[in-house]
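See below for the structure under consideration.
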Amino acid sequence: MQSANGAAELKRLLAEAKHVVVFTGAGISTESGIPDFRSPGGIWQQMTPIYFDEFLASQEARNETWRRRFAMQDIFKAAAPNRGHRAVDALVRRGKVSCVITQNIDGLHETSGIPRDKIVELHGNTTYATCLDCGERYEIADLRAIFERDGAVPPCDKCLGHVKTATVSFGQAMPVLAMQRAQQETLACDLFIVLGSSLVVYPAAGFPQIAKENGARLVIVNREETPLDRIADLVLHAPIGDTLGEAVGVN
Ligand code: APR
Ligand code: ZN
């Protein structure tokens, strides 16, 4: 159901809940200057996704993937947690939120102060890179310098495997432990709050449905309509920062 004074209604649901899970998408980071994917002007309106098998198959696709990542580096570097992130962090600190399941790769929930063990990154993290074969870690700044000199990111210097940001691309296997943890937390909560996701990408978008089917209340705070609005207990088509900040009492 839509609500006029969404923040007050959200505040009431939070007060009544014992075990809250927050589930975030790119929409919580737009107020930090990071574009989302499917809003007008979003990333997938400017370019098409590069699927994992393409990345493996061609140097061209790997170069384009890295070119796109380095083009975003200044935006990622300048991005700081916004009021929405601070409100989620406050809920974690109060012991109200047990886990933040995020589709985001920008690391802003951790930067906002939430302990790593309370964050589940379903789509990985773009703040560093790893070798796909041996897992060796590489720093973005180092790879960027090589890319700008040579026009490509070299294979792993330990095993010659492909080096990729620690993110999950379309067509790439989901992280097993993260998925298991997300499932556990989703089944344990009595309130599941979606913040800033179009809820069109699976398996991630399955978690709000699982929570609802398991008896939790479902809240969706998202500027646009989502396919799961129809099953939610509260839908707020409103900006996350102000709405959640007011409900939680955080500036
Ligand atoms: N306040 C509220 N809602 C917002 C705000 C805001 N400040 N900014 C954007 N939104 C909403 C948009 O209306 C949009 O519906 O957030 C939603 C973001 O949706 P997407 O851009 O589709 O992002 P997301 O749902 O996280 O995408 C899921 O798709 O491309 C893959 O791996 C990528 O993790 C990503 C996944
Ligand atoms: Zn390697």
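Index from 1, following the sequence. Ligands are counted one by one from 1 in listed order, and the atoms in each one are counted from 1 as well.
Look at Asp233 and Arg12 and you find no salt bridge, because none of the NZ, NE, NH1 or NH2 atoms lies under 4.0 Å from a carboxylate O. Salt bridge annotation for Glu224-Arg38: absent, with no cationic side-chain nitrogen under 4.0 angstrom from a carboxylate oxygen.
For the pairing with His237, the side-chain hydrogen bond (donor to acceptor under 3.5 Å, both in side chains) check across Asn222, Asp229, Thr243 returns one residue only, Asp229.
Annotation: Phe23 is in aromatic contact with Phe192 [ring centroid separation under 6.0 Å].
For ligand 1 and Gly196, the ligand atoms under 4.0 Å from any heavy atom of the residue are 16 (O), 17 (C), 18 (C).
Under the 3.5 Å distance criterion, with hydrogens and angles disregarded, no donor-acceptor pair is assigned to the side chains of Gln184 and Arg181.
Among protein heavy atoms, the minimum distance from atom 35 (C) of ligand 1 is reached at Phe37 CE1, 3.7 Å. When only non-hydrogen protein atoms are considered, atom 7 (N) of ligand 1 lies nearest to Glu31 OE2, 2.7 Å. The nearest heavy-atom contact from the protein to atom 11 (C) of ligand 1 is Asn222 OD1, 3.2 Å.
One finds an angle of 110° at the Zn ion (ligand 2) between SG on Cys131 and SG on Cys134, to the nearest 10 degrees.
The closest approach between Pro239 and ligand 1 falls below 4.0 Å for a heavy atom of the residue. Contact between Gly241 and ligand 1 is absent, with no heavy atom of the residue lying under 4.0 Å from the ligand.
When Gly25, Ser197, Ala204 are ranked by how near their heavy atoms come to atom 25 (O) of ligand 1, first place goes to Ser197. Distances from atom 2 (C) of ligand 1 to the heavy atoms of Ala238, Gly42, Ser198, Gly27 show the closest one on Ala238. Evaluated by nearest non-hydrogen atom to atom 3 (N) of ligand 1, the leading choice among Gln45, Arg223, Glu224, His123 is Arg223.
Without hydrogens or angle criteria, Glu121 side chain to Thr102 main chain gives no donor-acceptor distance under 3.5 Å.
Only the side chain of Thr30 comes within contact range of ligand 1, with a heavy atom under 4.0 Å; no backbone atom does.
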